[in-house]
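Everything on this sheet refers to the single structure shown next.
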Amino acid sequence: MSNGTVLITGANRGLGLEHARQYAASGWRVLACARRPDTAAALVSLVQAQPDAVSLHALDVTDAGAVEQLAASLSGEPLDILINNAGTFGPKGAPEGLAYQSLDNMDFRIWQQMLDVNLIAPFRLSVALAGNLRLAERPLLVMMSSDLGSIGNNANGQSHAYRTTKAGLNMLTKGISVEWTDIIVVSMAPGWCRTDLGGSDAVVDPVESVREQQQTFARLTQADSGRFIDRYGETVAW
C-alpha cells in the first residue's frame with residue numbers, strides 16, 4: 001500500500017504510539033489522537049521531531065461531542081486507515097487488573113468503563129469517519145482486539161470484563177464488514193505485548209508487533225474483510 005493518511009486513537013503510549021512512530025518513519029501522514037495531550041510527553045516529542053508527518057489531536061473517544069468535532073475538522077479529507085487502538089484493561093494492567101474482573105470480585109463500574117472505551121467508542125468513531133474512509137482508494141478500518149477476545153481459545157477464564165468487550169468488538173467487526181462492503185474491516189490480535197496494558201511479563205516486543213501488523217495491513221484485500229486475525233494475518237478463532 002502506498003503512503004497515505006492514518007488516524008490512530010490512543011496514540012499516547014503502547015501500540016498506538018509505536019504505530020505512529022513507524023507510520024511516520026515510512027512517510028505516512030499520521031493523525032495521532034490522545035485523551036490528554038498535555039500528559040503525552042512521548043507523543044509530543046514525536047510531533048516536535050516530525051511536525052510535517054505527525055499531528056496531535058485531543059480526543060476522548062468516549063465523548064460523543066469530541067468525536068463529532070474531530071469528524072467535522074476532517075470533513076472532506078481522505079483517510080486511508082483508521083486504527084481504533086484506544087483501549088483499557090481498567091486502572092491496572094495485567095496481571096494486577098485480574099483482581100477487579102473476576103467471578104468473585106467484579107467491579108461493575110470498571111466493566112462499564114471498559115465497554116465504553118473498548119466497544120462503544122470504536123463504533124462511534126468508525127461511523128463518524130466512514131465518509132473519510134470512503135474517499136480513500138483502499139480504505140482500511142482496524143479494530144484493535146485481543147487474543148483474550150477469542151471465545152474458542154478461552155481455556156483459562158478470568159479477565160471477564162476485558163474479554164467480553166473484545167469479543168463484542170469482534171462481533172462488531174463482522175457486522176460492519178457485512179454492511180460496508182466498500183471498506184476492509186478487520187479485528188487485530190496484536191499478541192501479548194509488553195505495554196502498560198499487557199504488563200512487563202508479556203512476551204511480544206511492541207516494536208516487532210507493530211512492524212508485523214503494518215506489513216499485514218498492507219497485504220489485506222476486500223476478501224479479508226470481516227476477519228479476526230493476528231499480526232501475521234493468520235486467522236484467530238472467534
Side-chain angles (χ1 to χ4, degrees), residues 1-88 117-118 120-144 169 173 176 180 182-188 190 195 206-207 209-211 213-218 220:
M1 184 175 186
S2 60
N3 298 350
T5 300
V6 56
L7 188 145
I8 306 164
T9 63
N12 56 303
R13 63 180 183 175
L15 296 179
L17 178 60
E18 190 57 38
H19 268 296
R21 285 173 175 154
Q22 292 194 29
Y23 270 123
S26 298
W28 281 67
R29 178 189 178 212
V30 178
L31 310 180
C33 299
R35 183 168 61 91
R36 294 187 58 189
D38 57 318
T39 64
L43 181 56
V44 170
S45 295
L46 179 63
V47 173
Q48 292 173 340
Q50 302 188 64
D52 294 333
V54 187
S55 58
L56 177 53
H57 303 265
L59 178 66
D60 180 344
V61 294
T62 67
D63 184 336
V67 171
E68 292 175 1
Q69 185 175 359
L70 175 66
S73 71
L74 298 176
S75 179
E77 294 192 34
L79 186 61
D80 296 273
I81 303 178
L82 167 58
I83 303 180
N84 278 312
N85 168 76
T88 181
V117 175
N118 297 350
I120 297 173
F123 177 90
R124 177 181 285 119
L125 194 62
S126 299
V127 171
L129 297 179
N132 301 84
L133 287 166
R134 290 193 169 96
L135 294 175
E137 182 177 343
R138 197 209 67 157
L140 173 61
L141 171 58
V142 178
M143 305 294 200
M144 195 59 66
L169 185 64
T173 294
I176 291 177
W180 292 354
D182 54 345
I183 297 175
I184 303 170
V185 189
V186 296
S187 280
M188 167 57 63
T195 62
V207 174
S209 175
V210 166
R211 180 171 61 248
Q213 288 179 58
Q214 292 186 5
Q215 290 171 352
T216 294
F217 294 161
L220 296 175

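Note that this is a predicted model, so its numbers are computed, not measured.
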Are any side-chain N or O atoms of [X] and backbone N or O atoms of [Y], one a donor and one an acceptor, separated by less than 3.5 Å?
X    : Y    : value
N132 : P78  : no
S73  : L70  : yes
R138 : L220 : yes
N118 : T88  : yes

Assess whether atom CD of Q69 is packed by more than 12 heavy atoms of other residues, nucleotides or ligands within 6.0 Å. no
Tell me, do [X] and [Y] make a side-chain contact under 4.5 Å, heavy atoms counted?
X    : Y    : value
M143 : I176 : yes
V54  : R21  : no
F217 : V6   : no
R124 : V61  : no
L79  : L135 : no

Please name the pair of heavy atoms, one in [X] and one in [Y], separated by the smallest distance, quoted to 0.1 Å.
X    : Y    : result
A53  : A24  : CB-CB, 4.2 Å
I8   : N85  : CG2-CB, 4.3 Å
L31  : S55  : CD2-OG, 3.3 Å
M144 : L169 : O-CD2, 3.5 Å
I83  : Y23  : CD1-CE1, 4.0 Å
A86  : T9   : N-OG1, 2.9 Å

Step by step, would you call L141 with N84 a side chain to side chain contact (heavy atoms under 4.5 Å, CB included)? CA-CA 8 Å; L141 171 58; N84 278 312; 3.6 Å; yes
Scan the side chains in residues 32-44 for donor-acceptor partners under 3.5 Å anywhere in the protein, sequence neighbours excluded, and list what turns up.
residue, atom, partner, partner atom, Å
R36, NH2, D38, OD2, 3.4
T39, OG1, R36, O, 3.0

Assess the residue pair D80 and L140 against the criterion (side chain to side chain contact (heavy atoms under 4.5 Å, CB included)); give the C-alpha distance rounded to whole Å, side-chain angles, the decisive distance to 0.1 Å, and a yes or no. CA-CA 6 Å; D80 296 273; L140 173 61; over 6 Å; no
When you look at V207 and Q22, which way does the side chain to side chain contact (heavy atoms under 4.5 Å, CB included) test go after all the steps? CA-CA 9 Å; V207 174; Q22 292 194 29; 3.8 Å; yes
Once side-chain hydrogen bond (donor to acceptor under 3.5 Å, both in side chains) is applied, do any residues pair with T62, and if so which ones, sequence neighbours excluded? D60
Roughly how far apart are [X] [atom1] and [Y] [atom2], rounded to 0.5 Å?
X    : Y    : atom1 : atom2 : value
L82  : S126 : CG    : OG    : 5.5 Å
Q214 : S209 : CD    : OG    : 10.0 Å
H19  : I81  : NE2   : CD1   : 9.0 Å
M188 : Q213 : CE    : CD    : 5.0 Å

